[in-house]
Structures are given as C-alpha cells and as structure tokens.
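Structure first, commentary second.
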Amino acid sequence: MNNNSRENLQEFFSSGSGKIGSVLLVIFILISVFVVFTYPLNFGTTVWSNPAYWSDYPKSAPPTWTNIFGNDNVDHQIIDFTTPADTVSISNREVRTYTHRFTYDSNISPTFLSLSLYDVVYHDRPPTISLSILRPDNEEILIYREIISPPRPGEDGPYVRYSDSPFRINLSGDKSVSSNLVGYIRDNSNEQISINEIIGSNEKVIFSNLDSLQFDEILTGEYELIVRFTVNNENDSISKIRFVLGGSSYGLLGTDSLGRNLSVGLLFGFPIALLIGLTTSTITTFIGTTMGIISGYTGGRTDTIIQRLSDTLSNIPLLPILLFLIFVFGPQLWLVMTILVLFGWPGLTIIIRSMVLQINSSQSIEAAKSLGASKWRIMYRHIFPQLAPFIFAQLVFFTPAAILAEASLSFLGLGDPSIPTWGQILENGFRTGGVYIGYWWWILPPGLLIVITAMIFVFIALALEPVVNPKLKKM
Amino acid sequence: MSLLQTLIVRGLSLLVVLITVLFLCVIVLGATGYSDRLLTATVSEELRGLRQSLSQNIRDPNELEQVIEDRREQLIEFYGLDQPWYYRLPDMVFRILTLDLGEARTLRSFSGSNSVSDIVLERLPNTIILITSATIITSVIGLYVGVKIATQVGSRLERSVSYFSAISYALPAWWLGIIFIILFAFQLRILPSSGMFSVPPPTEPLARFLDRLVHAILPVFTLVIVSVGSWSYAVRTMVLNISQEDFVNVARAKGLSENLVMRRHIIRVAAPPIVTSLILGLTGSLGGAILTETVFGWPGMGRLYYEAILAADESVIVALTFMFTLLYVVARFILEILYIVLDPRVRYK
Amino acid sequence: MILKNNKSKNETLVVKNLNVNYKVTKGNIKAVNNVSFRIKTGEALGIVGESGCGKTTIALALIKLLPNNTSKFSGTITLNGKKINQLSDENFRKTIKWKEISMVFQGAMNSLNPVLRIGDQLIEPLVYSGENKTIAKTTVSELLNLVGLSDDTYSKYPHELSGGMKQRVIIAMSMVHNPGLIILDEPTSALDVSVQAQIMNLLKSLKTKGISMIFITHDIALTSDLCDNIAVMKDGQFIEHDSLANVLNNPKHNFTKQLIQSVPTLSSKLKSRKLKSNNEEILNLKNIKVDFMVRKGLLSSEPFTAVSEVSLKINRGETLALVGESGSGKTTLGRVVLNLIKPVTGKVKFQGSIINNSTDDFLFRKQAQAIFQDPYSSINPFMTVYQILEEPLIIHKLEKNLHSEKILKVLHDVNLTPPEDYVKKYPHMLSGGQRQRIGIARALILDSKFIVADEPVSMIDASSRLEILGLLNNLQKTKNLSFLYITHDIATARQFSDRIAVMFFGRIVEQGRSNDVVKNPLHPYTKSLIEAIPTLNPKNLSNMRNVISRDDFHPRCTFYNKKSNHVVDLHVENISHKCRKKHPKLTEIKTNHYVACHS
C-alpha cells in the first residue's frame with residue numbers, strides 16, 4: 001500500500017458518512033452470512049410461501065414488545081407434550097395422560113387454538129386421543145376427541161400415521177369442538193345455543209366466564225390442559241402432541257395476515273438485497289467500464305457503434321421498459337438483474353469513454369504507445385488504473401439503484417414469488433390493505449431496511465467523493 | 001453546426017430511442033407469442049360482435065357459421081395471423097404508434113370505453129400534471145437550497161443537506177408515500193389518502209379546483225421529497241465547480257456585488273449543466289411517478305400500469321410502455337432546446 | 001535594496017511590510033513575508049519568481065481577493081495617499097476595486113464568462129456602478145479599438161475569439177474605469193511568442209498613458225519590455241529589488257543570476273557543439289502530408305491539413321530543431337516520426353527502412369523514443385519510478401534479472417542519485433525537473449539512438465531548464481544520440497540544435513544551420529519569430545517589437561498580407577503573382593540555408 005491509498009483511506013474514514021456506512025455494511029454482511037448458513041436454500045417456496053408452515057402462528061399480530069405500551073396482548077404459547085405425566089393400564093389398554101398448567105391473566109381471549117399430532121404408530125386397533133381443559137372454576141371441559149384413522153384395506157401393521165406432516169386440528173373452527181362445547185353448556189346451565197353461534201370462535205367459549213353466555217368476559221386464573229392418548233398395544237407411540245394457544249402479538253416484528261413471522265422473512269431479505277445490489281452493480285460496472293475503455297481507446301467504427309448503442313439504451317426510461325419485460329417474461333429475479341445490467345451499463349460507458357478520451361490525449365498514453373506497448377496492455381495497465389477509484393465509487397453508487405429498482409418492481413407486483421424480498425413483503429402489506437388497517441409493523445420495517453441498505457451505499461459513495469474527485473478535496 | 005442542425009441531430013437521436021423501444025416491445029411480444037394472443041383475442045372479439053348482430057337477421061345456424069367462418073378467415077388474413085410474427089413487425093409498430101391496440105381485457109376508461117387508446121389518453125393529462133408540478137417545485141427548491149449551501153461549504157446546514165440528499169436518494173417514493181398516508185391521512189386526518197377528487201366531487205369550479213389541489217398535495221410532496229435532496233446536492237456541486245473558475249474571481253475583482261457575481265457569473269453559467277442533470281433525472285421522475293400514482297391511487301398512467309399488471313392486460317401495458325417513452329422523449333427534447341438556448345457554445349458551434 | 005527614491009507626491013502605490021499567511025492542513029504557510037515596495041505614477045514594477053513563490057498572493061492582497069484560508073494579512077497599503085487596507089470590504093469593493101486598482105488575471109482562456117457576450121462583460125463594471133448604458137457602450141467600443149479589436153467583438157461570445165484576442169479583451173476590461181493601477185498576473189503565459197510580443201507592445205503603449213502597473217511573471221526576460229523596476233521573489237520574500245538596468249546588469253543574488261542565465265540569448269556565443277555527426281542518415285522524411293477530419297455539419301466532415309509537403313533528414317548524432325508556434329503542425333510531425341499517426345502521403349525512413357507502411361513497428365519502437373512536454377501528465381501517476389522504467393523492459397521482453405541493474409544505471413545516467421532512493425517513489429513525490437528526468441530515463445533505458453523531444457523544458461521552472469538541456473546535451477555526446485527537438489522557442493533551439501527547421505501552417509518555411517537561421521533569417525515569419533523572443537535588454541523598454549501577427553500572414557503564401565490585400569514587401573522587392581496560386585517551394589538561397597520563396 002502506498003502513501004496515496006493510505007491517505008485516501010484516512011480521508012474516507014475521516015468523514016462521518018464513511019464511518020456509519022462501513023459499520024452498517026459490516027453488520028449487514030454478518031447478518032447475511034448468518035442467514036446463508038442457517039436458512040434452507042429453497043426458503044421461499046418451502047417455508048415462506050407455504051401456508052401450512054405458518055398455520056400455528058397468530059395472524060396479523062403486532063410485535064410482542066408493543067405490550068410495553070400497555071396493550072393487553074395474549075402471549076403466543078406453544079405447548080409440546082412428549083412424555084406422559086401418568087400412564088394407566090386397564091386390561092390391554094393403556095391410557096397415557098399428558099398435562100400442562102398455565103396461568104391465563106389476559107382480558108382478551110386467545111386468537112385461536114390448535115392441536116397437532118406428530119408421528120403416530122400403532123399395531124392393532126387405532127388409538128384414541130382426547131383433549132380436556134381444567135378451568136379455574138374447576139370445571140373440566142372435554143374439548144376434543146378423535147380416533148386415529150383406521151388401517152386402510154390391505155395395509156399391514158405397524159400402521160404409521162402423520163409422519164410426513166403432522167395432523168393439525170384447528171380447535172377454534174372445528175365443528176366437533178363446538179358441539180362438545182354446546183353439549184357442555186347445555187349440561188351445566190340448561191341453556192341451548194347453536195353450534196353456528198360459536199364455531200370459529202370456540203376459543204372464546206373455552207376461556208370465558210360461562211355465567212353469561214355472551215362469552216365476552218374472560219375467566220382468568222390457572223388452567224390445566226389434559227391430553228389423554230389411549231392405546232391398545234403398549235408399543236403404540238406418538239412422538240409429539242402440540243397444543244398452540246394463539247397469541248395476539250408475536251415475536252420481534254409481528255406477523256402478516258397469513259401468520260408469517262415477519263422477522264424471519266425480513267432476515268432472509270438481507271442476503272437477497274446485497275446479492276441483487278452487489279451482483280448487478282458489479283456486472284454493470286464491469287461491462288460499462290470495459291465498453292467505455294474499448295470505445296474510447298480504439299475509436300473508429302467500434303467506438304461509433306458502442307456510442308450509438310449506449311446513447312440509445314441510456315435514453316430509454318428504465319422502469320416502464322423493466323415493467324414491460326418482466327410482465328412478458330415472468331417475474332424472475334435473475335431476469336430483473338439481467339435487465340438492470342442491460343440498461344445500466346450504457347450510462348457508465350458514456351462517462352468512462354469521455355474520461356478515456358481525456359486520458360488518451362495525456363502524454364503518458366502517448367509515451368506508452370511509443371514504447372510499443374500493445375493495445376490491451378495500454379488499456380489494462382495504463383488507462384484502467386487511472387479510472388479505478390472512479391469506477392469503484394460508481395460501483396458503490398450503483399448498488400442502491402439496483403436494490404431500489406428491484407424493490408419498486410416487487411412493489412408493483414412483479415417480484416419473484418420464489419424469493420421473498422423486502423419489497424414483496426411490503427407489497428403484500430400494501431395490497432392486503434395493511435396501510436389502511438394500520439398494520440404498521442408490516443409496512444415500516446421492510447421499507448426502513450430498504451432505505452438503510454440503500455443509504456449504506458450512498459453514504460460510502462459520499463465519503464468516497466473527495467477521494468475520487470480531488471477538486472472537492474481542497475474545500 | 002447551426003442551431004437548427006443541432007436540434008435536428010438531438011431530435012433524430014431521440015426518435016431512434018422511441019423506435020428502438022417500439023421494436024423492442026414488438027419483437028418481444030412477437031417472439032413470446034403475446035402478439036398472436038393479442039390479435040386472436042381481437043379477432044374473436046370482433047367475431048362475437050358480428051355474431052350478435054347477424055343472429056337477428058340470419059336464422060339458419062349453418063349459414064351463420066359459414067358467414068362467421070368466412071369473416072374469421074378475412075380477419076386472420078387482415079391481421080396477418082396466417083404469417084409468422086416477424087412479417088407483422090412494421091404493421092405492429094404502426095399500430096402502437098397510433099395506439100390502435102384494440103380493446104382492453106378488463107380495464108375501462110372513466111367513461112366506460114374499453115378501447116386502449118381511450119383508456120390511456122384519458123389518464124395522460126393527470127400524469128403530466130403530477131410530473132410537471134413536482135419537477136417545477138423540486139427545481140425551484142433545489143436551486144435555492146443548492147445555491148445557498150454552496151456559499152457555506154462546511155456549515156451545519158450544508159452538512160445536513162448532504163445527509164438529507166443521501167437519505168432522499170435512498171428513499172423509495174412508494175414507501176415514503178405509504179408513510180405519508182399513514183401519517184397525514186390516518187393519524188392526523190388532514191389530507192385525503194388517495195384519488196384525485198372527493199367522492200362525490202364538488203360541482204362548483206373553485207371548490208373542484210381546491211379539492212383537486214388538496215388531493216395532489218401528498219403525491220406531489222412525495223415526489224418532491226425523494227428528488228429534492230440529490231437535486232440540491234447536484235446544484236451545490238455544480239455551483240461549487242463554477243465558483244472556482246477564474247472568471248468568477250475576475251467578476252469579484254471587478255467590484256461586482258456578491259449577489260451579482262452569484263447571479264450573473266455563477267448561476268447563469270451553471271444553468272446549462274443544471275439542465276443536463278435535469279435531463280438525466282427525467283427517467284427517474286417518470287419511474288417515481290408510476291410508483292407514486294400507484295400508492296396514492298392517482299388516476300394517471302402510472303396507476304393504470306399497476307392496474308394493468310394486476311389485470312394482466314397486455315395491450316394496455318404495451319400502450320403504456322410506449323406512452324411513457326414518448327413522454328420521456330418529448331420532455332427531453334424540450335429540455336434540450338432549453339439547454340441550447342442557455343449555452344451559447346452549443347448554439348454557435 | 002530598498003529604492004532610493006524618497007517619498008514623493010506622484011507615488012501611486014506604497015506597500016509596507018505586507019504579510020500574508022495561509023492556513024493549510026499542516027500549519028501555516030508564509031505566502032508573502034514582509035514585502036514593501038513603491039510604484040510611481042506611470043511606472044511599472046516587475047515581480048519575478050517561480051511558481052509558488054507568492055507573487056500572485058501579492059496581487060490578490062492588493063485587490064482584496066485573498067482565499068478563505070488566509071490566516072494573516074497585515075501591513076499597510078497606501079493608494080494615492082489613502083490607506084486602503086483599512087477600508088471595509090463593502091467600501092473597498094465600491095470605491096477601489098476596478099475603479100482604482102484593476103487586474104488582468106492569469107489564463108486568458110478562463111477569465112471570461114463563457115455564456116455572456118464580450119460587450120456585456122465589458123460594460124458590466126460601468127453599468128452596475130451607475131453608469132448610463134449608452135455612454136458605457138461608447139467607452140467600451142473605444143477601448144476595444146484601443147487594444148486593437150474591431151467593434152463587432154462587442155457582440156461575440158468568448159469561444160469565438162482566439163487566445164490573443166481574449167487577452168486583449170481582458171486588458172480592455174481592466175481599463176473600463178480608467179484605474180490608476182493595473183496588476184498584470186502572467187498576462188501572456190498561455191500565448192504564443194508572437195502574440196505575446198504583441199500584447200507586450202500593447203501594454204507598453206498603455207503605460208505611456210500614465211497608468212501604473214505591477215507585472216507579475218515567471219519570465220525575467222519579459223520584464224525588460226515593460227518594467228522600470230524589478231523585484232525578484234523567492235519563498236514569499238523580495239530577495240532583490242532594484243531598477244531594471246541594475247538587476248539585469250548587476251544581479252546580486254545567486255537566484256537572480258540563475259534566472260538571468262536561464263534566458264537563452266540570441267547573441268551569446270555558442271558552446272561549440274562538437275558534432276560526431278557523420279553523414280549516416282538515421283531519419284528521412286519525404287513529402288509528408290497529414291490530414292485530420294474535421295466535422296462540418298450533420299454528416300459531412302472535411303479534411304484539415306495539419307502537415308504538408310514536409311521533407312527532412314536527420315543524421316546520426318545530429319539534433320534538428322523543429323520550431324513553430326501552436327498549430328504549426330510541429331507536434332503532429334513529431335507524432336508522424338514516432339509512427340503514432342500515419343501520414344496521408346509520404347515516406348518515413350528510419351535507418352534506411354520505411355516504417356510508416358508496416359504494421360509491425362516493434363523493432364522501430366525499441367530504437368526510437370520520445371520525451372514529452374508535460375512532466376506531470378507524461379508519466380503514469382499510479383506507478384512507482386521502478387514500474388515506470390520497467391515498463392519498456394517488460395514490453396520489449398528483456399530478461400527479468402537484468403531489469404533492476406538497468407533501471408539503477410539509467411537513473412544514474414540522468415543524475416538522479418543515489419538511484420536506490422528513487423525507485424520506490426511515486427511521481428507525486430518528485431519535482432517537475434525530477435519527473436522530467438524520469439521521462440528522459442524512460443527514453444534511454446532501451447538504449448535507443450534516436451529521440452523525439454517535444455518541448456522537453458517548456459513546462460519546467462526556469463531555474464531547472466538549463467540543467468535539463470545540459471543533461472540532454474551530455475547524453476547526446478556520450479551516447480551519440482540523434483534528436484528531433486520540437487520547440488516554440490527559437491532561442492533555445494539555437495543553443496541545443498545543429499540545424500533548425502521553422503514550421504508555419506504545416507509547412508517548413510525555412511531550414512538551415514542553427515546559427516545561420518537565427519543570425520540571418522531569410523523568411524519574414526522567421527524574422528518576426530526572432531523579433532518576438534523576449535530578451536534581457538534594458539533598452540527594450542523604449543522599443544516596440546516589430547512582430548507581425550500570425551493572422552496577417554496568408555497560409556498559402558507567407559509574403560501575402562491578407563488584411564491589407566496587397567503584397568507586402570518584406571523580403572524581396574518583387575513577388576510574382578505565383579504567391580496567390582501556389583505554395584512556394586524550399587529553395588537553397590545560401591549554402592545549406594533553405595527558404596520557402598518563389599523567387
């Protein structure tokens with residue numbers, strides 16, 4: 001490293017924007033590395049756009065930390081039963097009981113309840129599962145009872161069930177649950193209500209004070225979940241029983257209307273944004289520089305062709321043509337990047353060419369020529385180094401442009417559905433009406449992340465300016 | 001080169017841009033089979049109309065089918081559907097040029113017409129209003145602020161403007177629009193969130209005008225915010241570059257007041273490069289308009305673009321791509337003329 | 001050294017103990033250190049110094065235009081008995097600037113606002129200080145005539161004027177308020193010698209009108225045309241300050257002596273240039289013609305002939321100087337010789353073989369090298385000295401293990417010793433003279449025998465010019481080199497070359513042995529060129545230089561004056577009408593002395 005570049009580095013870091021930009025960039029890169037190593041490659045299709053994956057998450061829930069501001073929110077609880085608290089054998093039957101106690105002190109009901117069964121194996125007759133809840137008023141209500149599906153004709157034991165994906169029962173909307181509840185109320189208070197009145201909001205009935213049948217007063221206190229798994233063979237097994245009590249707030253950044261954990265999706269956006277920005281700008285800068293140097297140095301017909309081509313391409317308004325092409329060819333991320341490169345290089349080529357023309361007339365190039373240096377050697381060894389700082393600054397400056405362009409495209413509904421980006425998450429929020437309903441946690445963070453990412457590069461470019469443009473250095 | 005020649009050259013090169021975009025559209029549409037689909041749809045639309053009108057006169061179904069089949073063959077030949085797509089290129093280009101793109105699939109104009117040219121042309125003025133007013137406001141603010149901070153390099157104001165310009169460059173127009181809606185329309189409830197008129201619109205002309213003005217505030221303001229920062233910064237840099245020129249020192253030595261030096265010897269000289277950067281910012285503001293209109297439901301061509309994408313209405317999309325390019329080319333040409341007027345060095349070359 | 005004149009009433013300007021400091025990142029710079037001087041009405045003071053010595057700062061201090069990083073500005077400035085440095089900025093601007101003191105800035109090219117008409121810029125100071133516009137216009141028209149410009153200049157834009165015309169406009173501009181003092185900061189530095197001589201004539205005539213002047217220049221020879229007193233400046237101080245004659249005839253300070261010595265004179269005795277030159281021809285140009293295509297209008301372009309009908313020979317060990325002003329085609333011809341551009345017609349023979357037809361000129365490249373004018377742009381700023389000098393060795397595939405040895409030796413040859421100190425340096429760490437030595441070393445490292453030197457010293461400070469030329473001279477002797485020395489300066493050409501060829505509008509108009517051409521010029525253009533050379537002679541003060549503007553020569557026949565539309569009798573009594581139709585051919589008038597003439 002020579003003095004020159006050391007001075008430049010000092011100059012760069014002496015500016016506030018250079019410092020902020022570099023620190024943030026390092027953080028972003030670290031997050032991206034983390035995501036790349038922990039997320040599955042096909043995260044978009046298997047996780048993010050897979051509604052089944054998100055069924056046990058609360059829908060449109062604000063972040064948990066909003067509770068600090070006094071909002072009464074139900075915590076989201078996932079209760080997994082793996083080992084029975086008690087096993088009772090009656091003749092060749094065996095009843096395994098799982099229990100869980102918890103305190104419910106919120107004044108609103110859970111958003112939903114669900115039960116999932118994982119990996120059931122039985123040998124003779126199908127086992128039975130039942131879920132009851134013991135309420136603070138010491139009433140035990142049977143909520144759900146189900147017999148695991150019997151052997152299919154021709155199937156040989158042991159019979160394996162729910163091993164690929166768990167069997168999930170949406171307790172809130174399950175008809176049998178409603179009918180159990182209706183039965184309970186009829187038995188206890190002689191009041192007759194119809195299933196239709198409560199189906200879809202069974203959870204309210206379960207958690208409310210049953211004195212009034214409006215189900216609007218929550219019964220707070222200690223609850224106990226009781227799950228009974230009745231088998232006919234001691235070798236029958238179930239690997240996990242999951243009970244989910246849907247909260248009204250979730251995680252660091254809340255969920256969207258499909259219940260997707262926004263923080264998970266937003267995290268995935270980090271490497272994608274950097275990938276889009278850096279790849280596009282690197283390729284664009286590379287092509288733009290190469291074309292510019294060739295055009296400016298060789299002159300003649302090559303120059304004329306490159307000049308005309310870049311003049312025309314750089315004059316085409318980008319967004320409309322981008323929309324058009326993506327609409328026709330389909331929303332694919334690599335295509336978006338290709339088009340950005342295709343219409344991005346000419347601008348740089350025009351600038352580089354004019355700089356090369358200037359350098360060309362300088363005597364150092366004349367000197368290299370009269371030494372007998374070959375065309376390529378002059379371009380690579382004598383012209384390129386003089387342009388390098390500028391080119392680097394351009395690369396940095398072009399990065400946010402690519403990120404913003406992809407975000408805009410996603411926002412207009414032309415995002416690649418297989419790869420979730422911040423722009424797409426925002427677009428989902430916008431299109432679902434999140435803006436009007438007030439789902440701020442769905443709208444603000446992705447936008448902020450886009451702004452911050454773009455700003456990182458703008459800040460770095462800003463700090464590079466005096467290094468690249470010595471005219472401004474003096475001031 | 002004379003003034004006229006310069007203008008002709010600029011005009012021609014912009015025309016080349018327009019033609020390139022046209023051919024690009026047409027080739028892409030042709031090669032992907034879109035144009036076949038488009039024309040086939042037009043043909044069946046026409047035939048359906050024909051069937052309806054004929055069914056009252058011709059009772060015999062066989063005869064009816066025969067007539068329609070004949071007509072179908074005529075139409076297929078007329079639209080060139082019996083030939084590969086590349087034979088139809090010139091015809092397609094001409095059709096786009098005249099916005100003769102048949103009927104939109106689902107979109108309708110405000111008056112209910114489904115002809116593509118009706119739908120698009122009806123929206124054109126709204127987009128022009130939005131872009132021009134935003135550009136004018138941005139230019140004025142940017143010029144004022146840019147010149148002001150150029151005279152006080154290193155000051156707190158100058159530094160904050162340069163940070164603001166970085167932020168405003170990084171701000172996507174649509175996101176800012178959303179924030180504005182949340183803030184001004186839903187939190188503060190002082191401005192309407194979308195559209196161009198209240199429903200129902202006021203009937204009295206003045207009230208109507210004011211109503212439109214109130215609806216325009218947020219979209220225009222959004223467009224201004226996202227571009228004014230980098231614009232002032234660009235003005236600052238250009239003014240700074242010029243103010244280091246020798247003739248500025250000469251002007252000071254001549255005893256001219258600082259005000260006059262700024263006006264006659266810095267801003268006047270910086271005017272041509274400032275126009276150039278306006279030109280360079282044009283594609284950006286077009287893109288910004290598309291997004292801003294979408295967010296604010298401003299019934300212009302940009303919002304239409306969004307609607308057309310959602311409705312997958314390809315003929316409207318083609319028409320809009322062409323119209324946006326045309327808009328760009330025209331605006332650019334106007335600025336080129338302005339540049340030539342401002343810079344005698346180009347004028348007399 | 002303080003002038004002996006006592007304070008008298010007709011003193012325009014008295015400056016006492018002027019100090020100016022600039023604040024830079026590493027502390028303070030004393031740009032002007034305790035400078036005092038007086039100027040009487042109608043007198044001119046010449047301030048001579050090299051770049052960075054603080055001479056321009058004095059000018060800026062006098063007209064209150066010091067830059068923002070000025071940390072100290074003290075001393076008294078008395079103009080016509082008034083202490084002007086105590087005036088408020090606003091007061092100073094309204095009463096002194098341009099009205100009492102005006103200034104001609106360095107660099108005529110950039111001193112005019114490119115988007116305003118000349119007239120508007122000229123009347124500006126008048127109109128904005130309340131003058132009636134019509135009166136202002138009349139004043140300005142008169143001034144334009146006074147500086148030798150026609151009335152239609154008024155409505156032109158700067159880019160429509162030549163450099164000389166612009167400088168005249170600027171001088172006219174400095175006089176709109178009829179100030180008592182004009183500061184001239186290098187008013188001729190970007191101009192050709194003949195234009196420079198005309199501008200000096202103009203300034204001389206203005207001085208007779210009783211205007212006091214401060215003439216700032218790096219060229220001590222120029223002061224003898226204009227200045228009554230001279231101050232030599234170095235590191236912010238006046239190291240010598242006396243009347244013109246005293247300074248020129250009796251320089252006291254070494255630096256002054258050095259400056260005076262560096263001025264090439266036409267009369268001095270030449271050191272004998274021992275020619276090893278035999279008649280072995282190394283370069284032979286035959287009938288070279290070079291056209292450039294210039295765009296005219298929309299699609300058409302027309303050829304502009306930069307060089308035509310040029311034939312030259314250079315023998316081994318000989319130096320031929322190609323002398324001409326800007327646009328004469330001398331640099332283009334140099335590029336043809338280096339095979340960097342191809343002539344339209346003609347042959348370039350190097351050591352007997354034609355080089356301009358073959359595409360494979362690799363061998364030629366090794367034997368013919370170039371030294372360039374600009375030491376700042378001719379070497380790549382991103383390479384170390386070692387890399388710069390290694391470049392030719394890599395290109396010509398010399399064995400890698402010999403590189404270092406060769407580089408050290410060549411650095412030694414160009415007197416950059418010890419060479420080890422230089423190899424790791426970057427160009428920006430070197431002075432202009434040192435950089436130029438690197439340029440020379442690069443030309444020598446391949447042991448080439450023929451070198452094209454294009455104005456090798458014109459951009460170097462006067463004090464190191466002689467050293468560089470001396471170095472080239474020595475190298476020529478020890479290595480038996482041949483030079484094509486391209487220059488605008490016929491005086492150095494005489495000292496450094498064996499033969500001179502004068503180029504004008506792409507043609508050679510006179511050629512002969514150096515001393516013959518300078519002592520006994522035959523062509524009127526050569527005569528005018530020699531007349532224009534600034535010389536150190538106190539008598540210059542009273543003489544106008546008899547130079548003819550280049551524009552007054554007709555490009556076809558140099559004896560034909562376009563302006564007056566009749567044949568000018570400058571050289572021979574009768575000029576036939578052939579001049580109007582044909583270019584004259586070079587004819588040998590005396591032994592080995594050729595001139596382009598129809599006679």
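All of these numbers come straight from a predicted model, not from anything done at the bench. Reminder, nothing fancy here: chain letters follow the sequence lines and each chain counts from 1.
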> Is there side-chain contact between B/Tyr305 and A/Leu412, with heavy atoms separated by less than 4.5 Å?
Replying inline: no
> Is there side-chain contact between B/Tyr169 and A/Phe397, with at least one heavy-atom pair below 4.5 Å?
Replying inline: yes
> Side chain, backbone, both or neither: which part of A/Leu322 has a non-hydrogen atom closer than 4.5 Å to chain B?
Replying inline: neither
>> For B/Ser162 versus A/Leu462, what's the shortest heavy-atom pair and its separation?
In response: O-CD2, 4.0 Å
> Which heavy atom of B/Trp174 sits nearest a heavy atom of A/Leu426, and at what distance?
Replying inline: CZ3-CD1, 3.1 Å
Rounded at 0.5 Å granularity, tell me how far [atom1] in [X] sits from [atom2] in [Y].
X: A/Phe430; Y: B/Thr294; atom1: CZ; atom2: OG1; result: 7.5 Å
X: A/Leu313; Y: B/Thr20; atom1: CG; atom2: OG1; result: 7.5 Å
X: B/Ser13; Y: A/Asn315; atom1: OG; atom2: CG; result: 6.5 Å

Closer than 3.5 angstrom, by distance alone: can the side chain of [X] be matched with the main-chain N or O of [Y] as a donor-acceptor pair?
X: B/Tyr328; Y: A/Ile316; result: no
X: B/Tyr163; Y: A/Ser17; result: yes
X: B/Trp175; Y: A/Pro446; result: no

>> Run the ring pair (Phe, Tyr, Trp, His ring centres under 6.0 Å) test against B/Phe23 and tell me which residues pass, sequence neighbours left out.
In response: none
> Can you pull the salt bridge (charged side-chain N to carboxylate O under 4.0 Å, His left out) pairs that have at least one residue in residues 326-354 of chain A, sequence neighbours excluded?
Replying inline: A/Asp303-A/Arg353
>> Going by salt bridge (charged side-chain N to carboxylate O under 4.0 Å, His left out), name the pairs with one or both residues in residues 406-433 of chain A, residues two or more places apart or in two chains.
In response: A/Glu427-A/Arg431
>> Report, in residue-number order, which members of residues 327-349 of chain A are under 4.5 Å from chain B by heavy-atom distance.
In response: A/Phe327, A/Val328, A/Phe329, A/Phe343
